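Take a look at the structure set out below.
Fair warning: this is a prediction, and the values are worked out from it, not measured in the lab.
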Amino acid sequence: MNLGVRWTLHGDGRTPAPGAVVRPDERLSWPRTAGLGAQHVVAMFGASFVAPVLMGLDPNLAIMMSGVATVIFLLATRGRVPSYLGCSLSFVGVAATIRASGGDSATVTGAVLVVGAVLFLAGLAVRRFGARIIHAAMPPVVTGAVVMLIGFNLAPVTASTYWPQDQWTALLVMLFTGLAVVCLRGFWSRVAIFLGLVFGYALSWVLDLAFGKIHSPVGGAGAVDHWRLDLSGVAKADWIGLPSFHAPAFEWSAVLVALPVVIALVAENAGHVKAVGEMTGDPVDDKLGTAIAADGAASILSTAVGGPPNTTYSENIGVMAATRVYSTAAYWAAAGFALLFGLCPKFGAVVAAIPGGVLGGITVILYGMIGLLGAQIWINAKVDLRNPLNLVPAAAGIVIGVGGVSLKITDHFELGGIALGTIVVITGYHVLRAFAPAHLKEQEPLLDAGTSSYEGDQPVAKS
């Protein structure tokens, strides 16, 4: 059985030849491959460590299970889809919503485990019926709207929890991260979030030395005197040890809040598989269902032991594009490094000590980027928002999701925020489409584009 763990040496094993790429089934020398693996781990540090901290989960367990998830993904796809699986940011809003309603870490991981199971089944369905089943159930107008409301639903978390802890640090970190994303090139631009975290860490330390403690709210609670950067937990942590495991707990209300994220994860995987196929010159669309199922299986395993869900990381696509090395051997090396980091509690304590003000500056950009990925889906698919069939369900669902609108079903159960917004987008689109006149289904806009050309006496709208 081909498991994709045999690689041929590319050229002299040092650098790709001019104009050539290192294909997934090739590798450079093992020292260089190990170095590339370490680079992939650094690339996912920023987002993959911020995510578990924001979700209230153990960062050590997160990094360890990201390595395990990557191995599962590489084996499932037989080494044809080079990818690193890190903690998914799509669940941050879900975790915040569940905790706000009284849930704990076990409730969060239980809800996400169910999402992983649904994602696994969705992957099997795609393998059986093809990618057309995704487009039929979730056309781009739906996926774009859901991704957008998931991202923008997080805005109140930044505004009420992180930013107030140290507004000036948050502002400076936001500016620094924005400059890093825009002005840096190649690999450095791909790790801009990580650089923002390092800058914020150093800035908080300097401000503590210069001005002492700050009087501000902590974690949404009342204002108290506290250090911006509290490293007391780092000193107490061991150098070697196992992360903190816990079993999941299942509550239907939490599951319903988390389920809409399946749509975002399917969209992420589809985009990742498409991008990898285009970069390597080897179309891997036939692996889409397998990739989605592997993502689901990895998330099930991670959340079953108390870790966060995992998904493919776009940061690592950037590393591949910059280095022209698509070897899956580098990802096996990355997975090995992740497992080692997961066994170092002191390293996890450093991550857990990220100051709230730093998270405020990072999340302003990060959450906005997640939301705007929905707009990018619309742009790429040329979704026409002048067509009321697209406009109405997307507009209603986004406002519900972002504004936290709720619908009380019984005294003990209500839908709101992400869950209700997603239901409105999906059911609204399909119900309206069933009753819409034919000309709207053909994607003709309600209003013309402002100009039109004429053939004889018949107007022809410009596309």
Side-chain angles (χ1 to χ4, degrees), residues 40-41 44-45 47-77 81 83-95 98-99 103-124 241-250 254-255 257-259 261-262 264-266 268-269 272 290-313 315-316 331-332 334-345 347-348 351-352:
H40 278 298
V41 173
M44 50 70 69
F45 261 3
S48 201
F49 275 128
V50 169
V53 170
L54 297 178
M55 294 174 69
L57 301 176
D58 183 0
N60 267 88
L61 184 56
I63 187 64
M64 173 183 285
M65 295 313 296
S66 76
V68 174
T70 299
V71 169
I72 291 173
F73 187 91
L74 294 174
L75 290 174
T77 58
V81 187
S83 181
Y84 192 96
L85 267 64
C87 181
S88 175
L89 282 161
S90 298
F91 288 93
V92 172
V94 166
I98 293 173
R99 290 184 182 277
D104 56 11
S105 294
T107 311
V108 170
T109 51
V112 177
L113 189 152
V114 175
V115 174
V118 173
L119 186 65
F120 176 75
L121 294 175
L124 296 184
L242 290 174
S244 176
F245 299 100
H246 70 258
F250 302 96
V255 170
V257 169
L259 275 177
V261 181
V262 169
L265 297 180
V266 170
E268 284 180 1
N269 275 276
H272 183 91
T290 301
I292 294 173
D295 194 332
S299 292
I300 291 172
L301 179 61
S302 178
T303 52
V305 296
N310 292 285
T311 189
T312 51
Y313 257 44
E315 286 86 344
N316 299 94
Y331 283 104
W332 277 91
F337 283 121
L339 290 172
L340 291 176
F341 278 124
L343 293 173
C344 180
F347 180 76
V351 175

Worksheet item: Which pair of non-hydrogen atoms, one from Ala294 and one from Phe73, has the smallest distance, and what is that distance?
Response: CB-CD1, 3.9 Å
Response to the item:
dist Thr290:OG1 -> Asp295:CG (nearest 0.5 Å) comes out at 12.5 Å
Discussion item. For the residue pair Ser66 / Asn310, report whether a side-chain donor-acceptor contact shorter than 3.5 Å exists.
Written reply: no
Fill in: Exam field: side chain Asn60 to backbone Gly342, donor-acceptor pair closer than 3.5 Å
yes
Worksheet, complete the sentence: Distance col, row Ile98:CD1 vs Phe91:CZ, nearest 0.5 angstrom, shows 9.5 Å
Fill in: Minimum side-chain heavy-atom gap Leu75-Trp332 below 4.5 Å
yes
Discussion item. Ignoring hydrogens, what is the shortest heavy-atom contact between Gly116 and Ser299? Give both atom names and the distance.
Written reply: CA-CB, 4.2 Å
Practice prompt. Write down the atom of Ile72, the atom of Ala298, and the distance for their closest heavy-atom approach.
Written response: CD1-CA, 4.2 Å
Worksheet item: Does Thr312 use its side chain to pair, donor to acceptor, with the backbone of Leu85 at less than 3.5 Å?
Response: no
Worksheet item: Could you give the distance from OG1 (Thr311) to CG (Leu119), rounded to the nearest 0.5 Å?
Response: 7.5 Å
Discussion item. For Ser105, give me all partners under side chain to side chain contact (heavy atoms under 4.5 Å, CB included), at least two apart in sequence or on another chain.
Written reply: Leu57, Arg99, His246
Worksheet item: Does the pair Leu242 and Leu343 meet the rule for a side chain to side chain contact (heavy atoms under 4.5 Å, CB included), with working shown?
Response: CA-CA 5 Å; Leu242 290 174; Leu343 293 173; 3.8 Å; yes
Response to the item:
dist Cys344:SG -> Ile63:CD1 (nearest 0.5 Å) comes out at 11.5 Å
Practice prompt. Identify the heavy atoms of Ala293 and Phe120 that sit nearest to each other, and give their distance.
Written response: O-CD1, 3.2 Å
Item to complete: Indicate the atoms forming the closest heavy-atom contact of Thr107 with Ala254, along with that distance.
Response: CG2-CB, 3.7 Å
Discussion item. Keeping Ser302 on the side-chain end and Pro308 on the backbone end, is there a donor-acceptor pair under 3.5 Å?
Written reply: yes
Practice prompt. Rounded to the nearest 0.5 Å, what's the gap from CG on Leu74 to OG1 on Thr77? Could you check?
Written response: 5.5 Å
Worksheet item: What are the two closest non-hydrogen atoms of Val94 and Val257, and how far apart are they?
Response: CG2-O, 3.8 Å
Worksheet entry | Any donor-acceptor N/O pair, Asp58 side chain to Pro243 backbone, under 3.5 Å | no
